[in-house]
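A quick write-up on the structure given underneath.
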Amino acid sequence: MPSLRLALNQIDSVVGDIDGNAELIVSWTRHAVEQGAHLVAFPELALNGYPIEDLALRPSFIEASRSALVALATRLKAEGLGAVPVVVGYLGKSLQDTPRLGLPAGSPQNCAAVLHQGEVVTRMAKHHLPNYGTFDEFRYFVPGDTLPVVRLHGVDVALAICEDIWQDGGRVQAARQADAGLLLVINASPYEARRGEERLALVRRRAAEAGCTLAYVNLIGGQDELVFDGQSVVVETDGTVLARAPQFEEGCLLIDLDLPAATAAVDGATRIVADGLEIRRSVLSEEPLPAPEAPVVPGEAAPLAELEEVYAALICGVRAYVRKNGFKSVLIGLSGGIDSALVAAIAVDAIGAENVYGVSMPSAYSSEHSRDDAAELARRTGLNFRTVSIAPMFDAYMASLGLTGLAEENLQSRLRGTLLMALSNQEGHIVLAPGNKSELAVGYSTLYGDSVGAFGPIKDVYKTLIFRLARWRNEIARERGETPPIPENTISKPPSAELRPGQVDTDSLPDYDTLDAILTAYVERDLGRAQIVAEGYDPPLVERVIRLVDTAEYKRRQYPPGTKISVRNFGRDRRQPITNRWREH
């Protein structure tokens with residue numbers, strides 16, 4: 001059987017940085033060629049970054065992308081890398097009108113190209129365009145209508161892009177009809193907790209349906225709310241995993257594949273197959289390669305355990321947001337509570353303690369143990385720490401306004417928010433907001449107070465998971481012989497905003513185990529009142545929680561972006577109207 005050494009490069013592209021992304025592609029191509037690769041692949045839209053959103057609608061961005069692709073092919077040849085075909089995702093455009101969609105020629109397309117010997121030898125556009133959850137691709141792109149099959153060293157390689165294998169039919173069935181020996185899929189599949197298991201099951205199923213080995217290369221890194229975890233994988237027709245890359249690590253997955261020899265004639269003719277796709281064949285080389293004398297041993301990284309995976313995603317989100325937006329340091333209000341403590345631990349792990357600044361802002365209602373817990377967290381992690389009391393500011397406001405009740409409580413939070421933003425402006429740090437998903441769901445946060453910031457690392461993390469992550473992070477530290485970063489008292493004490501004497505969260509909210517279960521049913525699963533009550537929850541409590549969620553939409557719209565880890569985050573996934581009189585009864 002012919003042999004191919006395949007290199008799947010899971011890289012961290014930056015949206016809009018076409019030149020920088022091209023440098024990455026050249027660098028990793030050189031690495032792959034030096035390792036003896038015969039075919040090199042990069043993720044979906046690797047040249048432009050993903051997702052590009054409305055940048056796709058700018059003709060100047062489209063033309064810059066197309067020009068950069070041609071320049072990349074030329075450069076690869078000039079640097080002695082042109083003999084090895086390179087598959088790259090990029091932003092392209094349609095060359096003719098698409099009447100059924102009402103889109104003119106020149107409309108954007110999510111494309112892949114094969115670069116070889118200084119030329120762009122094959123181009124294709126994504127066939128299935130996702131339009132659910134985080135995806136709006138049908139808003140932007142014109143679908144493709146071809147299945148490119150490239151013959152390389154006597155093996156027919158079919159190409160597909162991400163959603164092309166998530167939908168039935170299409171390029172998977174077309175690859176079978178084309179008698180492909182390898183289906184190569186380039187992807188930018190965002191992370192969700194345990195999504196890797198779902199992806200692997202899908203890839204196994206599609207390999208069987210395509211009747212050939214399937215290679216899946218995925219993006220890593222972060223972009224605004226999304227993070228990408230890699231886990232590129234190669235699977236045989238029978239579902240056997242031949243190689244699997246680690247999560248959240250940039251790198252090259254190298255593997256030697258023994259693949260069936262191509263049998264189809266290449267006479268320039270095309271034929272229409274599944275979903276109206278047109279098979280377009282091209283030949284780069286007919287001569288098969290023998291099996292290598294010293295085959296590479298492919299990696300097969302085990303997926304991370306549940307809490308380790310989520311924590312890695314949160315680190316990835318913070319690191320990407322800080323670095324890709326040109327910042328060096330972050331500022332966190334440290335209350336001594338569990339939320340700000342976990343955010344601080346994540347930030348320290350993401351960008352280093354020397355770049356994390358914490359400030360304790362006690363008021364008259366701040367307990368001594370909370371002040372001590374904030375200071376102890378700083379000592380354990382090594383982050384920069386100071387204390388600035390808000391008591392004089394609070395007294396000045398109260399003397400002028402005479403506020404009481406909720407207005408008095410919220411004033412404390414807003415003073416802290418103002419103080420954080422003042423330090424941010426003065427010293428150049430970006431503020432990390434510590435709100436969690438449970439609180440944001442029911443509006444248990446103060447606008448222009450604890451909601452201020454540029455990024456919310458735990459915005460998509462329920463309170464019950466906050467506690468589990470904190471305990472896990474401390475346990476990992478103990479296993480490594482390190483100091484656990486989060487004080488035990490911070491984890492064990494009842495959660496409290498400490499805005500009035502003796503206050504605890506359960507004064508205003510159900511216990512978090514119950515609250516999070518109801519929120520998961522309503523937010524993640526879209527169940528209505530009757531369905532949630534049927535699962536055994538108290539009807540008045542369900543009605544109250546639903547009412548709180550529905551009326552807090554205006555607050556969530558004003559909260560900063562934060563890392564998505566769930567199947568249904570507030571923002572890209574769950575989009576509810578603010579002005580809305582529908583209520584569950």
Side-chain angles (χ1 to χ4, degrees), residues 12 14-17 20 221-227 248 250 311-362 371 373-390 413-436 448-461 466 469-470 473 477 482-483 485-487 490 559-563:
D12 184 3
V14 179
V15 165
D17 186 9
Q223 169 61 28
D224 295 346
E225 293 175 300
L226 300 183
V227 291
F248 301 107
E250 193 167 36
Y311 195 83
L314 298 175
I315 288 176
C316 179
V318 170
R319 181 184 294 135
Y321 193 89
V322 173
R323 291 181 177 173
K324 290 184 177 181
N325 285 293
F327 296 101
K328 298 186 184 305
S329 56
V330 300
L331 178 66
I332 306 166
L334 297 179
S335 66
I338 188 71
D339 295 330
S340 62
L342 183 63
V343 168
I346 291 167
V348 166
D349 289 338
I351 62 172
E354 68 279 11
N355 299 311
V356 179
Y357 292 76
V359 55
S360 171
M361 298 169 285
R371 302 183 197 195
D373 290 343
E376 177 63 10
L377 171 77
R379 185 192 70 79
R380 292 182 178 211
T381 59
L383 61 79
N384 304 282
F385 182 70
R386 76 189 97 174
T387 298
V388 180
S389 173
I390 65 166
S413 180
R414 291 188 174 117
L415 287 171
R416 291 180 174 122
T418 299
L419 197 155
L420 288 170
M421 291 310 299
L423 291 174
S424 171
N425 290 160
Q426 180 70 25
E427 300 175 4
H429 321 299
I430 62 168
V431 177
L432 299 184
N436 64 67
Y448 324 119
D450 51 3
S451 66
V452 304
F455 194 71
I458 57 172
K459 176 183 179 179
D460 198 31
V461 186
I466 297 286
L469 288 169
R473 181 62 184 86
E482 301 168 350
T483 302
I486 301 174
T490 296
Y559 203 81
T563 304

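What you are looking at is a predicted structure, and each value in this text was computed from that prediction instead of being measured.
Residues satisfying the side-chain contact (heavy atoms from CB on, under 4.5 Å) test with P560, not counting sequence neighbours, are A433. Remark: E427 engages R386, L423, H429 in a side-chain contact (heavy atoms from CB on, under 4.5 Å) (not counting sequence neighbours). Y559 meets the ring-ring contact (aromatic ring centres under 6.0 Å, His included) test with no other residue; sequence neighbours excluded. Partners of R323 by side chain to side chain donor-acceptor pair (under 3.5 Å), not counting sequence neighbours: none found. N436 pairs by the side-chain contact (heavy atoms from CB on, under 4.5 Å) definition with D339, S438, E439, I458, K463, I466, not counting sequence neighbours. D12 meets the salt bridge (charged side-chain N to carboxylate O under 4.0 Å, His left out) test with K324; sequence neighbours excluded. The salt bridge (charged side-chain N to carboxylate O under 4.0 Å, His left out) test applied to R319 returns no partner, not counting sequence neighbours. The side-chain contact (heavy atoms from CB on, under 4.5 Å) test applied to A347 returns V330, I332, V356, L432, not counting sequence neighbours. In this structure R414 satisfies the side chain to side chain donor-acceptor pair (under 3.5 Å) test with no other residue, sequence neighbours excluded.
Rounding to the nearest 0.5 Å places OG of S335 at 12.5 Å from CZ of R371. To the nearest 0.5 Å, atoms SG (C316) and CG (L226) are separated by 10.5 Å. In this structure, OG1 in T483 is found 6.5 Å from CZ in R379, a value given to the nearest 0.5 Å.
By the 4.5 Å heavy-atom criterion applied to side chains, T387 and V359 are not counted as neighbours. Within the 4.5 Å cutoff, the side chain of L334 has heavy atoms near those of the L383 side chain. Side-chain contact between T418 and Y448 is absent, with no heavy atoms from C-beta onward closer than 4.5 Å. Under the 4.5 Å side-chain criterion, counting only non-hydrogen atoms from C-beta, F455 is in contact with T563.
Each side chain to side chain donor-acceptor pair (under 3.5 Å) pair with one or both residues in residues 345-361, not counting sequence neighbours, appears once here: Y311-D349, D349-R473. Sorted pairs that involve residues 322-356 and meet ring pair (Phe, Tyr, Trp, His ring centres under 6.0 Å), not counting sequence neighbours, are lacking altogether.
The backbone N or O of L377 sits less than 3.5 Å from a side-chain atom of T381, completing a donor-acceptor pair. Put simply, the side chain of Y321 never gets that close to the backbone of G562: no donor and acceptor are under 3.5 Å apart.
Heavy atoms only, all atoms of each residue included: P434 and V343 are closest at CA-CG2, 4.0 Å. When all heavy atoms of G333 and L420 are compared, the closest pair comes out as N-CD2, 3.9 Å. Nearest heavy-atom pair across P485 and P487 is O-CD, 3.6 Å. Nearest approach of T490 to G336, heavy atoms of both residues: OG1-O, 3.3 Å. Here the closest heavy-atom approach between residue E225 and residue P561 is recorded as CG-CB, 3.7 Å.
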Do V431 and M421 pass the side chain to side chain contact (heavy atoms under 4.5 Å, CB included) test, and can you show the C-alpha distance, the side-chain angles, and the key distance before you say yes or no?
-> CA-CA 7 Å; V431 177; M421 291 310 299; 3.9 Å; yes
